[in-house]
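Worksheet for the structure shown next.
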There are 2 protein chains.
Amino acid sequence: MTLDEAKQYLIQAWGTLGSSWGVSRTMAQVHALLLVAPSAMSTEDIMEALQISRGNVNMNVRDLMDWGIVKKVLKPGERKEFFEADKDIWKVAIQITKERKKRELEPILRVLEEISTIEADITDPEVKQFAETVENLKKFANNADSTLNNFIRAEESWFWAGILKLIK
Amino acid sequence: MTLDEAKQYLIQAWGTLGSSWGVSRTMAQVHALLLVAPSAMSTEDIMEALQISRGNVNMNVRDLMDWGIVKKVLKPGERKEFFEADKDIWKVAIQITKERKKRELEPILRVLEEISTIEADITDPEVKQFAETVENLKKFANNADSTLNNFIRAEESWFWAGILKLIK
DNA sequence: TTGAACTTTCAAAATTAATTGAAAATATTT
DNA sequence: AAATATTTTCAATTAATTTTGAAAGTTCAA
């Protein structure tokens, strides 16, 4: 396998993985491409590498920047914008975790909280069973939430520990 | 909020959550419906509750059974099949974790492994950088894999502990 | 201010995924 | 074996998402 074949293969696989994770195939491919790129790439570079349109590159790169895992870089003397992916996969994981937590877990927690306010006859067994199910979902969601918070906190303190050591 | 409104609301929210997790909206809704149902439901019950076609119910219920979070139950004297969701949300979480691990993490691990076999000039800095990126991805994926295995193992042993206590 | 280089937007087109519903298959009862 | 009840399949349709590309917008050097 040559270098280019290997890159191609990884980009492909990353795209497939992405699409089962609520990330569009193309967005995941752009990310993978930037991840294995030896240096920052311009819109045109990406267009050519993945054979997709300018608009498509623009939108996906912007989404990746919204997720905080791709950055715009300006090369001195160049007018074009270049993009690079954070090469530290742990930072990427933290970012994605934070974003998904915010976008998905937190909304469902709010819904569960709101549902808990249901005023109904607790002696009705159907109401009781429903209340229990919701209670369980809440416990579960809260547990997931703190697990994720721990993960984020652990990774971040590890990150800062590294920084502190450098500047000491 | 009445009981029915609360159920409706939860089903809706669960469907939205599902669609950002690579699960189709309808499949997540069927799951939520069964989760809050006071008893097992027939295909027709589900059709009516969610206003979807027979074929659609059939496919989604079958998928949920493939995921191992919904079971077929036969009521004595009834010809129809009924379905119920596992009410233990932890078991659901384990099942989903297992399945997603198998369907998503393991394939990407295989790809990364295969890519590692790339035969190329290690002195070429581009090759070296790529090899490092792949190495990092591998470390990350392996770490995720063992984290998930731990989660599954912890939950399962907890589950068996409960069973053992019962039969002792 | 102009125009060239580059980026962004967005309506339309293409693609992909989900859904329907009726027909075929299967199972059950008489 | 025939009639009946129920489930499954799948081609056609519908819906949702993604992509395109050309036009509009922006930036900046001259």
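Within every chain, numbering begins at 1; the chains are lettered A, B, ... in the order of the sequence lines, protein sequences first and strands thereafter. Every value quoted in this text rests on a predicted model; they were computed, and no experiment measured them.
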task = Round to the nearest Å and state the distance from A:Lys72 atom NZ to D:dT26 atom P.
result = 14 Å
Length of the CD-C1' vector between B:Glu81 and D:dT7, whole Å = 7 Å
Please tabulate, for the side chains in residues 20-35 of chain A, all donor-acceptor contacts under 3.5 angstrom to protein atoms that are two or more places apart in sequence or on a different chain.
unit_1: A:Ser20; atom_1: OG; unit_2: A:Leu17; atom_2: O; d: 2.9
unit_1: A:Trp21; atom_1: NE1; unit_2: B:Glu104; atom_2: OE1; d: 2.7
unit_1: A:Ser24; atom_1: OG; unit_2: A:Met27; atom_2: N; d: 3.3
unit_1: A:Arg25; atom_1: NH1; unit_2: A:Ser19; atom_2: OG; d: 3.3
unit_1: A:His31; atom_1: ND1; unit_2: A:Trp14; atom_2: NE1; d: 3.3

message = Between A:Glu99 and A:Lys102 (salt bridge meaning N to carboxylate O under 4.0 Å), is one present in this structure?
response = yes
Where protein sits on nucleotides 25-30 of chain C, one letter per nucleotide: B base, S sugar-phosphate only, - none, heavy atoms under 4.0 Å = --BB--
inquiry  = By the definition salt bridge (charged side-chain N to carboxylate O under 4.0 Å, His left out), identify the one residue from A:Lys72, A:Arg62, A:Lys75 that meets it with A:Glu81.
reply    = A:Lys72
inquiry  = Just the rounded figure in Å: distance from P of C:dC6 to NZ of A:Lys75.
reply    = 13 Å
ask   = Cation over ring, A:Arg103 on A:Trp67, under 6.0 Å and within 45°?
value = yes
message = For B:Asn149 and B:Lys101, which I'm curious about, is there any donor-acceptor pair between the side chains at under 3.5 Å?
response = yes
query = Can you name the residues that form a side-chain contact (heavy atoms from CB on, under 4.5 Å) with A:Thr147, not counting sequence neighbours?
reply = A:Asn143
task = Examine the side chains of A:Asp45 and A:Ser42 and answer whether a donor and an acceptor come within less than 3.5 Å of each other.
result = yes
ask   = Can B:Lys139 and B:Glu132 be counted as an ion pair, charged N to O under 4.0 angstrom?
value = no
ask   = Do A:Asp121 and A:Thr123 meet the criterion of a side-chain donor-acceptor pair at a distance under 3.5 Å?
value = yes
message = In this structure, how many angstroms lie between the C1' atom of C:dT8 and the CG atom of A:Asp63, rounded?
response = 13 Å
request  = Check DNA chain D against residues 42-62 of chain A and give the residues with a non-hydrogen atom under 4.0 Å, in numerical order.
outcome  = A:Gln51, A:Ile52, A:Ser53, A:Gly55, A:Asn56
task = Kindly write out the residues that satisfy salt bridge (charged side-chain N to carboxylate O under 4.0 Å, His left out) with B:Glu84, not counting sequence neighbours, or none if the list is empty.
result = none
task = Please work out which residues in residues 22-31 of chain A have a non-hydrogen atom less than 4.0 Å from an atom of DNA chain D and list them by number.
result = A:Ser24, A:Thr26
Donor on one side chain, acceptor on other, A:Ser116 and A:Lys138, under 3.5 Å = yes
task = Give the rounded distance in Å between these two atoms: CD of A:Glu78 and P of C:dT7.
result = 10 Å
